[in-house]
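Naming: A, B, ... by sequence-line order, numbering from 1 per chain.
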Amino acid sequence: MSAPSPADRPVVTRIAPSPTGMMHIGTARAALYNWLYARHCGGTFLLRIEDTDRERSTQPAVQVILDGLEWLGLHPDAPPVFQHANAERHREVVQHMLEIGRAYRCYMTVEELEVEREKARAEGRAIRSPWRDREPPAGANQPFVVRFRGPLEGETIVDDLIKGPVRFMNKELDDLVLLRSDGAPTYNLAVVVDDHDMGITHVIRGDDHLSNAARQSLIFEALGWARPAFGHMPMIHGPDGKKLSKRHGAQAVSEFADMGYLPEAMRNYLARLGWGHGDDEIFSDEQAIAWFDVADVVSSPARLDWDKLGFINNHYLRQADDGRLFDMVRDVHAGRGVHLHETALPALARAVPLVKEGAKTLLDLADLTVFTLKARPLELDARTQGLLTEETRARLSRLRDSLADASDWSVPTLNALLRAFAEGEGVGLGKFGPALRGVLSGGAPAPDLASTLCALGDAESLGRIDDALSQLR
RNA sequence: GGUCCCUUCGUCUAUCGGUUAGGACACCAGAUUUUCAAUCUGGGAAGAGGGGUUCGACUCCCCUAGGGACUGCCA
């Protein structure tokens, strides 16, 4: 390895997702780690869309990735590179490899390949094409693929930043296809050429690519190009330790967004999942950037823990700007088909900061604020109806009068008023609190009484009490 | 089948040859209490198994077991 080391150049990282129609949470974590590392080193973070498989790559599928990164707040430092656009360059490189003898045309038919594959597997060796050492068929223009002429001896060591040195026997690595029979470049070739052309210094990706790193290393060497540094991070598993899939609740970035998780919470959680800085659990982007190093990434797979994600999300929900939260919760309600009365919106806005401590997601936040959006007269649930005895109704009526006289409609004042009222009645809050709660919320979840009253506002609160008292008369 | 990766409380992790193996989430108990939460206090909980190396191993080596990835004219 005489080529100059990429380690001497400014850091350039990238993520290279293929547009499949969804952005896997593992891709999101790879993006985060690449982003963190680039930022940490003062380097550049790039995005390359691996769309060499023309059948699967569609514009909407590309958009999903762009949207996912946008939502996560991980912005590439340059417009995305579309791999397919480099196809001509890829073919040129293959042509060059053909000329220097590091590639050859293989005329095996799919059937022959099938047979050879079976044989190789049975013998426990890598697949080889007979065309590796054979002259092309005379004057024929049969279809062919171009294969890499890999070394039969020696070993390839991938000095992985995360896994440490990993050695592969070259004879175990097969002669992979570089160019398909239709002339289209394949993934392993395109990756090498593009990573080289883009000046990528650090390839940080899922460890499902670890063995590809060996194959790609061979191509880098054949071309006389310096290899980037590799860091293969373990994959994210479901809570049961199996590969994360739909049945675990979610696997796409968009699903986490729909479930009401905040992007900053996802960043914190994903960073902590498989990487750590001492005992720090909650940290800002700035801290993560300052502390992050690929070499510190844990080498064993991690399981997604919904409870911890919820805990982290709750933390960021508490910190989030209430105006921003209001907008997002309003959208959740709208998405659920809840009618948003103009007049109820201020109540919703007031309720958000009062209940967000108890919410793990925006969906929870919506559940906890739906009481503000109910239209008068509220339909009372059975439990509340049962609580409204003669005695309690009389008491609520007296409470209503004293509420109407409240000096101001704030949580502290209302709290004091409620306590004073209870004392004046010679009973505990438990004697009428649940009933009042039911009357105000209609049985929906609501925060403590003073907060509920405050959120609803004086007119709405008194109105709901009046409704209930007259309704049951 | 072959090659490669992984293995500390239920979960995420700290430890980088010498610690009562620490923290967080979750869990349990108690406090609080106007629902659900939140909050406060306390508690239980771990080095997969077996061999080595060493004065001394969770830390280093080997074997076994279990989990995972790759083995495509997919990426």
Side-chain angles (χ1 to χ4, degrees), chain A residues 16-20 50-53 55-57 83 106 108 110 113 117 120-127 143-147 158 160 162-164 166-169 171-174 176-188 190-191 206-215 232 234-235 237 239 241-243 269 272-282 298-312 314 318 355-360 364 367-368 383-384 418 422 428-438 441 443-450 452:
Chain A
S18 54
T20 59
E50 309 258 310
D51 55 353
T52 52
D53 183 345
E55 289 182 16
R56 274 199 281 176
S57 307
Q83 190 156 64
C106 168
M108 286 177 96
V110 268
L113 232 189
R117 202 191 311 287
R121 190 186 172 92
E123 291 171 22
R125 61 173 172 81
I127 186 170
F144 63 85
V145 298
V146 177
R147 287 184 181 276
V158 175
D160 196 88
I162 296 170
K163 308 276 187 190
V166 183
R167 42 202 324 148
F168 296 86
M169 300 305 288
K171 65 177 180 190
E172 305 286 354
L173 274 12
D174 56 8
L176 41 82
V177 172
L178 267 17
L179 237 45
R180 293 185 252 258
S181 53
D182 64 356
T186 59
Y187 164 78
N188 276 301
V191 167
D207 69 7
D208 47 334
H209 284 294
L210 188 51
S211 55
N212 277 333
R215 297 176 223 285
H232 288 92
M235 313 186 73
H237 288 173
K242 303 289 181 191
K243 192 172 175 179
Y269 177 72
R272 192 67 184 79
L273 188 65
W275 171 78
H277 180 267
D279 288 340
D280 296 300
E281 298 288 345
I282 303 276
V298 173
S299 59
S300 55
R303 302 181 189 202
L304 185 67
D305 182 352
W306 292 101
D307 285 325
K308 188 147 184 179
L309 210 210
F311 171 81
I312 301 272
N314 171 262
R318 289 168 183 240
V355 303
K356 64 180 185 177
E357 289 188 352
K360 291 197 189 314
D364 290 347
D367 291 342
L368 294 171
R383 178 166 184 271
T384 302
L418 285 170
L429 275 167
K431 209 66 182 161
F432 63 91
L436 176 59
R437 167 184 305 288
S441 74
D448 66 87
L449 290 170
T452 300

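Among the nucleotides B/A38, B/C70, B/A75, the one closest to any side-chain atom of A/R318 is B/A38. Closest contact between the side chain of A/K242 and the listed nucleotides B/G67, B/A38, B/A24 involves B/G67. Taking the side chain of A/K243 as heavy atoms from C-beta on, and the options B/U7, B/U34, B/A69, the nearest nucleotide is B/A69. Side-chain proximity of A/D207 to the nucleotides B/A38, B/C5, B/A75 is greatest for B/C5. Side-chain proximity of A/V166 to the nucleotides B/C6, B/C4, B/C12 is greatest for B/C4. The A/H237 side chain lies nearest to B/G68 when the options are B/G68, B/C70, B/U39. Considering only the side chain of A/F168, B/C4 comes nearest among B/C4, B/U34, B/C12. You'll find that the side chain of A/F311 is closest to B/C25, out of B/A75, B/A69, B/C25. Checking B/A75, B/C25, B/U71 against every side-chain atom of A/D174, the shortest atom distance belongs to B/U71. Between B/A26, B/C12, B/C5, one nucleotide has an atom nearer to the side chain of A/K360 than all others, and that is B/A26.
B/U7 and B/C61 have their P atoms separated by 12 Å, with the value rounded to a whole Å. Comparing B/A65 with B/U41, their C1' atoms are spaced 43 Å from each other, to the whole Å. Across the C1' atoms, B/A57 and B/C16 are found 13 Å apart, a figure rounded to whole Å. Comparing the same atom, C1', in B/G47 and in B/C58 gives a spacing of 5 Å after rounding to whole Å.
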**Request:** Show your reasoning for whether side-chain contact (heavy atoms from CB on, under 4.5 Å) applies to A/R272 and A/D280.
**Result:** CA-CA 9 Å; A/R272 192 67 184 79; A/D280 296 300; 5.9 Å; no
**Request:** Would you check, one step at a time, whether the test side-chain contact (heavy atoms from CB on, under 4.5 Å) holds for A/W306 with A/L309?
**Result:** CA-CA 5 Å; A/W306 292 101; A/L309 210 210; 4.0 Å; yes
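Among the heavy atoms of the strands lying under 4.0 Å from A/L210 are primed sugar atoms or P, OP1, OP2 only; no base atom is included. Heavy atoms of A/G430 sit under 4.0 angstrom from primed sugar atoms or phosphate atoms, though from no base atom. Using a 4.0 Å heavy-atom cutoff across all strands shown, A/H209 reaches at least one base atom of the nucleic acid. Counting any heavy atom pair closer than 4.0 Å across all strands shown, A/T452 reaches no nucleic acid atom. Residue contacts for A/G310: at a heavy-atom cut-off of 4.0 Å it reaches no nucleic acid atom on any strand shown. Note on A/D182: nothing from the nucleic acid sits closer than 4.0 angstrom, heavy atoms only. Using a 4.0 Å heavy-atom distance criterion, A/R125 is classed as making no nucleic acid contact. Note on A/P239: nothing from the nucleic acid sits closer than 4.0 angstrom, heavy atoms only. As judged by a 4.0 angstrom heavy-atom cut-off over every strand, A/A446 is placed among the base-contacting residues. Within 4.0 Å (heavy atoms only), A/L449 reaches at least one base atom of the nucleic acid. Across all strands, A/D448 comes closer than 4.0 Å to base atoms (heavy-atom distances). Residue contacts for A/V298: at a heavy-atom cut-off of 4.0 Å it reaches the sugar-phosphate backbone alone, with no base atom in range.
Checking A/P17 against A/N314, the closest nucleotide of RNA chain B that is more toward the 5' end is the one next to A/N314. The residue among A/D307 and A/H277 whose nearest nucleotide of RNA chain B is located toward the 5' end is A/H277.
For A/R383 and B/U34, the shortest distance from a side-chain N or O to OP1 or OP2 is not below 4.0 Å. Here A/R117 does not reach the OP1 or OP2 of B/U71: none of its side-chain N or O atoms lies under 4.0 Å away. Within the structure, a side-chain polar atom (N or O) of A/R147 is placed less than 4.0 Å from OP1 or OP2 of B/C73. Residue A/S211 places none of its side-chain N or O atoms closer than 4.0 Å to OP1 or OP2 of B/A69. Contact annotation: A/K431 does not reach the phosphate of B/U34 (side-chain N/O to OP1 or OP2, under 4.0 Å).
Of the candidates A/D160, A/D208, A/N212, A/H232 forms a side-chain hydrogen bond (donor to acceptor under 3.5 Å, both in side chains) with just one, namely A/D160.
Between the side chain of A/R121 and the base of B/G1 there is at least one donor-acceptor pair of N/O atoms closer than 3.5 Å. Between the base of B/C73 and the side chain of A/S181 there is a donor-acceptor pair shorter than 3.5 Å. Interface remark: the A/E281 side chain does form a donor-acceptor pair with the B/G23 base, using a distance-only criterion of under 3.5 Å. Between the side chain of A/R437 and the base of B/U34, at least one donor-acceptor pair of N or O atoms lies under 3.5 Å.
Distance CG/A/L210 to NZ/A/K163: 6.5 Å, rounded to 0.5 Å.
Counting heavy atoms of neighbouring residues, nucleotides and ligands inside a 6.0 Å radius, atom CZ of A/R167 does not exceed 12 of them.
As the counterpart of B/U35, no nucleotide is assigned, since no Watson-Crick or G-U wobble pattern has both distances under 3.5 Å. Base pairing of B/G66 is made with B/C6, judged by Watson-Crick or G-U wobble geometry with both donor-acceptor distances under 3.5 Å. B/C58 makes up no base pair with any nucleotide shown, lacking Watson-Crick or G-U wobble contacts both under 3.5 Å. Across all strands shown, the partner of B/G42 is B/C28, judged by Watson-Crick or G-U wobble contacts whose two distances both fall under 3.5 Å.
Under the 4.5 Å side-chain criterion, counting only non-hydrogen atoms from C-beta, A/L436 is not in contact with A/T452. No side-chain heavy atom of A/T186 sits under 4.5 Å from any side-chain heavy atom of A/L176.
Between A/K360 and A/D307 there is no salt bridge, since no side-chain N of the basic residue sits under 4.0 Å from a carboxylate O of the acidic one.
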